[in-house]
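One structure below.
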Amino acid sequence: MTPDDAGEAGGRSAAGERLGGGGRVDPPGSVAGALAVQERLRPLVDLVGPGPTAPATVAGLDVAYAESGDRLAAAVTVLDARTLAVVDEAVSVGRPAFDYVPGLFAFRELPALLDALDGLTVRPELLVCDGHGLAHPRRFGLACHLGVVTGLPAIGVGKTPLVGQWSPPGERRGSWAPLRDGDEVVGRVLRTRDGVKPVFVSVGHRMGLDNAAARVLALTPRHRLPETTRTADRLCRDALAGGARGGRRG
DNA sequence: GCGACAG
DNA sequence: ATCTTGTCGC
């Protein structure tokens, strides 16, 4: 595997540095190429879990787009898992690396997200991604891709479904229902707030579904979406609104 | 063939 | 994702 493949797989960094693998990532030049990459990396997903039950730090990742659609800002915020206070953050401004295609979403945001991860000083123990992990047509959503590339435990928390069927979970926070795609359970529809639309939780890498759901509940003491996602969302939006200059901050 | 389709 | 007006509730 060459250094340029960092954004694709491997890219394991030395302790405490280059979380995103360093260097630039070359996105696939076609849909067929992207599908081939997913096919190749999918077997590398670690489904053993259960993953950290009491991580000290948890990272949130999110991306915001300019209305023109030709510019984006990727943000990563690292929170103290106990106090939910932000202890580190980084942003990267750039351009979408791929057209938006359902199922190939990761190729669009991955380069910028990895660049932002490179800007971190603190190495998070878990990545909470804005999108799906195994709840994906080929079981390799953004959370899986990001997990495999960084080697870190990762989970996906989506606001809307991509694949699968489910029954409405109970109305109380903590209620849930399995998200099934055919015969397999690919995730969990979890109610994080009483009477509020549930979120879709799925495993990304090195995590079990039960633990993933538990971690999401720990991150949603007062809002529907994880605190990690919320802080990252604010950060990338601000970065987009602020300096029109490109490059990396953090 | 037609609709659905993370962000 | 982003745009977009008002509305309901803590």
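Naming: A, B, ... by sequence-line order, numbering from 1 per chain.
Of the inter-residue distances, the one linking A:Arg191 atom CZ with A:Ser175 atom OG reads 7.0 Å to the nearest 0.5 angstrom. Taking CG of A:Leu190 as the reference point, atom CZ of A:Arg224 lies at 10.5 Å (rounded to 0.5 Å). Distance check, rounded to the nearest 0.5 Å: OH of A:Tyr100 to OH of A:Tyr65 gives 9.5 Å.
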Derivation of the side-chain contact (heavy atoms from CB on, under 4.5 Å) call for A:Leu240 and A:Leu72: CA-CA 7 Å; A:Leu240 213 48; A:Leu72 61 70; 5.7 Å; no

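Taking a heavy-atom distance under 4.0 Å as the criterion, the stretch of DNA chain B touched by chain A extends 5' to 3' from B:dC5 to B:dG7.
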In the 5'-to-3' direction, what one-character label does each nucleotide of nucleotides 3-10 of chain C receive under the scheme B = base within less than 4.0 Å of a protein heavy atom, S = sugar-phosphate only, - = no such atom? S-------

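Electrostatic pairing of A:Asp62 and A:Arg230 does not count as a salt bridge here, judged by no charged N lying under 4.0 Å from a carboxylate O. Between A:Arg172 and A:Asp194, at least one side-chain N (NZ, or NE/NH1/NH2) sits under 4.0 Å from a carboxylate O, which counts as a salt bridge. Note on A:Arg139 versus A:Glu184: salt bridge recorded, some NZ/NE/NH1/NH2 to OD/OE distance being below 4.0 Å.
In this structure, A:Leu142 reaches the bases: a heavy-atom distance under 4.0 Å links it to at least one base atom across the strands shown. Across all strands shown, A:Leu104 has heavy atoms under 4.0 Å from base atoms, whether or not it also approaches the sugar-phosphate. Heavy atoms of A:Pro137 sit nowhere under 4.0 angstrom from any nucleic acid atom. Counting non-hydrogen atoms under 4.0 angstrom, A:Ala66 reaches nothing in the nucleic acid. If you check every strand for non-hydrogen atoms under 4.0 Å, A:Gly156 touches nothing.
Between A:Phe140 and A:His145, the two ring planes are tilted [angle within 30° to 60°]. In this pair, A:Phe98 and A:Phe107 present their aromatic rings tilted. The plane angle is within the 30 to 60° band.
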Base-pair string, DNA chain B, Watson-Crick plus G-U, cut-off 3.5 Å on both distances, | for inter-strand, is .......

Writing each nucleotide of DNA chain C 5' to 3' as (, ), [, ], | or . by Watson-Crick or G-U pairing under 3.5 Å yields ..........

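Of all heavy-atom pairs between A:Val63 and A:Cys236, the closest is C-SG, 3.8 Å.
Under the 4.5 Å side-chain criterion, counting only non-hydrogen atoms from C-beta, A:Arg180 is not in contact with A:Trp166.
The side-chain hydrogen bond (donor to acceptor under 3.5 Å, both in side chains) search around A:Arg237 returns A:Asp233, not counting sequence neighbours. Evaluation of the ring-ring contact (aromatic ring centres under 6.0 Å, His included) rule for A:Phe105 yields no partner, not counting sequence neighbours.
C:dA1 atom C1' lies 9 Å from atom NZ of A:Lys159, rounded to whole Å.
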